[in-house]
**Q** 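Starting off with a structure, shown below.
No experiment lies behind these values; they were computed from the predicted model shown. Order of listing sets the numbers, starting from 1, for every ligand and every atom in it.
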Amino acid sequence: MAQKTILRALAGETLPTPPIWMMRQAGRYLPEYRATRAQAGDFLSLCYNPELAAEVTLQPIRRYGFDAAILFADILLLPQALGADLWFVTGEGPRLSTITDAGGMATLKPASEVHEVLSPIYDTLKILKGALPEETTLIGFAGAPWTVATYMVAGRGTPDQGPAHKLKNEDPAVFDALIERLIEGTIEYLSAQVEAGAEVVKLFDSWAGSLQGADFDRYALEPMRRIVTALRAKYPELPVILFPRQAGPRYEGFAKATGASCVALDNSVDAQWAASHVQVDGCVQGNLAPGHMVTGGDELVSEVKRIAGAFSQGPHIFNLGHGITPDADPENVALMIETLRSL
Ligand code: CP3
């Protein structure tokens with residue numbers, strides 16, 4: 001069997017048609033997802049139900065034939081496995097118990113103890129390994145330490161990550177201990193995902209863009225570099241995708257500095273610039289604005305062509321610059337794929 005297209009792109013091959021998958025491809029824009037989620041009850045029950053989580057992971061593969069499936073789970077399951085309380089408020093988003101001082105840190109479990117809570121996630125991967133078409137790559141993931149820490153410190157999503165910035169500035173010892181625990185926990189979690197069948201892993205640093213200068217190196221780049229290094233010590237061939245969202249000029253050199261096989265580009269980055277400054281170091285992924293999945297039409301078609309064209313001279317995985325939104329039209333996803341595959 002020819003090697004899977006996503007793995008070929010991640011290994012640095014330039015393919016005539018880039019392989020494609022989509023961030024949040026299993027989600028509320030799909031009626032079949034909404035039906036399965038209703039069956040599970042709430043979002044966390046769905047994440048921890050291996051049969052149903054595997055089912056929603058497979059739904060976009062059946063409907064669209066994406067080249068990769070991403071494990072259905074959430075970046076906030078790791079803090080929960082470390083001992084934080086986690087719940088989701090409908091229409092608002094996640095809520096967690098907060099970590100703001102040494103006392104809070106002391107309530108967290110050691111990294112080696114995350115597996116008891118997370119074992120259903122590994123079961124989901126085992127089911128998927130047996131259920132996916134042979135050409136489809138299975139991607140595991142975790143949040144990057146900085147982004148996960150922003151939720152753990154604030155107890156919720158924040159527009160400017162203010163509480164995490166405040167803690168890192170006012171009590172760096174506590175904040176560094178939290179980042180350290182998350183680095184170790186993430187290495188544990190992703191290693192177990194690989195053992196359960198993930199062929200690629202991705203780290204989501206959705207809030208990397210709020211870190212400036214030396215802080216970017218210390219809290220975004222360095223934790224991700226350490227995770228990549230630790231995983232490669234165990235799995236030398238493991239492809240790793242890193243997503244330092246809104247890193248802007250810091251995308252340049254990021255793959256070399258961290259050891260990433262691929263960097264995921266958000267949609268604020270200019271594709272031509274990224275082709276000459278980021279793709280020179282290896283595979284890139286992403287860049288299409290998720291809004292086109294809502295609006296569709298000629299603009300979607302021309303944007304797919306523009307982005308595929310800009311990255312056509314090097315390894316590229318087609319994807320959005322961030323997750324697809326619940327108001328997206330499933331027909332526009334089909335149009336994106338059709339356009340790409342007919343180029
Ligand atoms: O991409 C995929 O299809 C895989 C599954 C996945 C989910 N979340 C499912 C999900 C992945 C990779 C994530 C990552 C994630 N989760 C991130 C990083 C990526 C990004 O979007 O920036 C973050 C910051 C989270 C935390 C999180 N989870 C938030 C803030 C929310 C609420 C916001 C929202 O969209 O409702 C979630 C919930 C969530 N995670 C949903 C899904 C499908 C919606 C839950 C539902 O069914 O109601």
Side-chain angles (χ1 to χ4, degrees), residues 20-49 52-61 63-64 66 68-80 84 86-96 121 124-125 128 138-152 154-159 161 164 186 189-190 193 198 200-210 220 224 241-247 264-268 285-286 290 293 319-328 333:
I20 180 168
W21 69 280
M22 191 171 68
M23 281 188 263
R24 291 276 175 102
Q25 63 191 22
R28 286 163 292 182
Y29 75 104
L30 289 179
E32 58 269 36
Y33 169 85
R34 294 196 297 268
T36 309
R37 188 180 177 289
Q39 197 186 330
D42 58 21
F43 172 64
L44 284 175
S45 306
L46 178 55
C47 291
Y48 287 114
N49 181 321
L52 295 183
E55 166 58 24
V56 294
T57 306
L58 290 166
Q59 286 168 350
I61 307 304
R63 187 189 264 258
Y64 300 115
F66 281 116
I70 183 161
L71 165 71
F72 189 84
D74 197 83
I75 65 165
L76 300 178
L77 304 186
L78 180 67
Q80 188 176 37
L86 171 69
W87 67 104
F88 281 80
V89 180
T90 311
E92 289 187 33
R95 295 288 184 276
L96 296 95
I121 310 308
T124 304
L125 287 163
L128 288 168
L138 181 53
I139 303 176
F141 74 91
W146 162 253
T147 288
V148 176
T150 66
Y151 288 94
M152 292 178 82
R156 58 187 298 162
T158 46
Q161 297 72 59
T186 304
Y189 185 33
L190 291 178
Q193 289 188 29
V200 174
V201 295
K202 176 169 175 181
L203 285 173
F204 289 86
D205 213 348
S206 304
W207 300 118
S210 78
M224 288 198 270
I241 304 171
L242 299 183
F243 182 33
R245 191 168 77 91
Q246 293 187 334
L265 303 165
D266 64 73
N267 42 282
S268 71
Q285 173 188 281
M293 298 297 103
N319 204 315
L320 306 181
H322 201 192
I324 188 171
T325 51
D327 56 343
V333 177

**Q** Do you know which two heavy atoms are closest between Gly321 and Met23, and how far apart they sit?
**A** C-CE, 3.7 Å
**Q** Check each heavy atom of Leu71 against ligand 1 and say whether those closer than 4.0 Å belong to the side chain, the backbone, both or neither.
**A** backbone
**Q** Once you measure the plane-to-plane angle for Phe43 and Phe88, does it fall in the parallel (<30°), tilted (30-60°) or perpendicular (>60°) bin?
**A** perpendicular
**Q** Which residue owns the protein heavy atom closest to atom 6 (C) of ligand 1, what's the atom, and how far is it?
**A** Ala73 O, 3.4 Å
**Q** So is Trp207 touching ligand 1 or not, going by heavy atoms under 4.0 Å?
**A** no
**Q** Tell me the protein heavy atom at minimum distance from atom 39 (C) of ligand 1, and give that distance in Å.
**A** Phe43 CZ, 3.4 Å
**Q** Quick one: does any side-chain atom of Gln59 pair with a main-chain N or O of Glu32 as donor and acceptor, under 3.5 Å?
**A** yes
**Q** Minimum heavy-atom separation for Ser206 to Arg245, with atom names?
**A** O-NE, 3.0 Å
**Q** Assess His322 for proximity to ligand 1: is some non-hydrogen atom of it under 4.0 Å away?
**A** yes
**Q** Yes or no: does Phe243 have any heavy atom under 4.0 Å from an atom of ligand 1?
**A** no
**Q** To which protein heavy atom is atom 40 (N) of ligand 1 closest, and what is the distance rounded to 0.1 Å?
**A** Asp74 OD1, 2.8 Å
**Q** Can you find a non-hydrogen atom of Pro94 under 4.0 Å from ligand 1?
**A** yes
**Q** Considering heavy atoms of the protein only, find what lies nearest to atom 13 (C) of ligand 1 and give residue, atom and distance to 0.1 Å.
**A** Arg24 NE, 3.7 Å
**Q** Which protein heavy atom lies closest to atom 14 (C) of ligand 1, and at what distance to 0.1 Å?
**A** Ile75 CG2, 3.7 Å
**Q** If we set the cut-off at 4.0 Å for heavy atoms, which region of Arg37 has an atom near ligand 1: side chain, backbone, both, or neither?
**A** side chain
**Q** So which bit of Phe141 gets within less than 4.0 Å of ligand 1, heavy atoms only: side chain, backbone, both or neither?
**A** side chain
**Q** Pick whichever of Phe204, Tyr151, Phe72 has a heavy atom sitting closest to atom 24 (C) of ligand 1.
**A** Tyr151
**Q** For ligand 1, is there an N or O atom under 3.5 Å from any N or O atom of Tyr33?
**A** yes
**Q** So, 4.0 Å and heavy atoms of Ala26: is ligand 1 close enough to count as a contact?
**A** yes
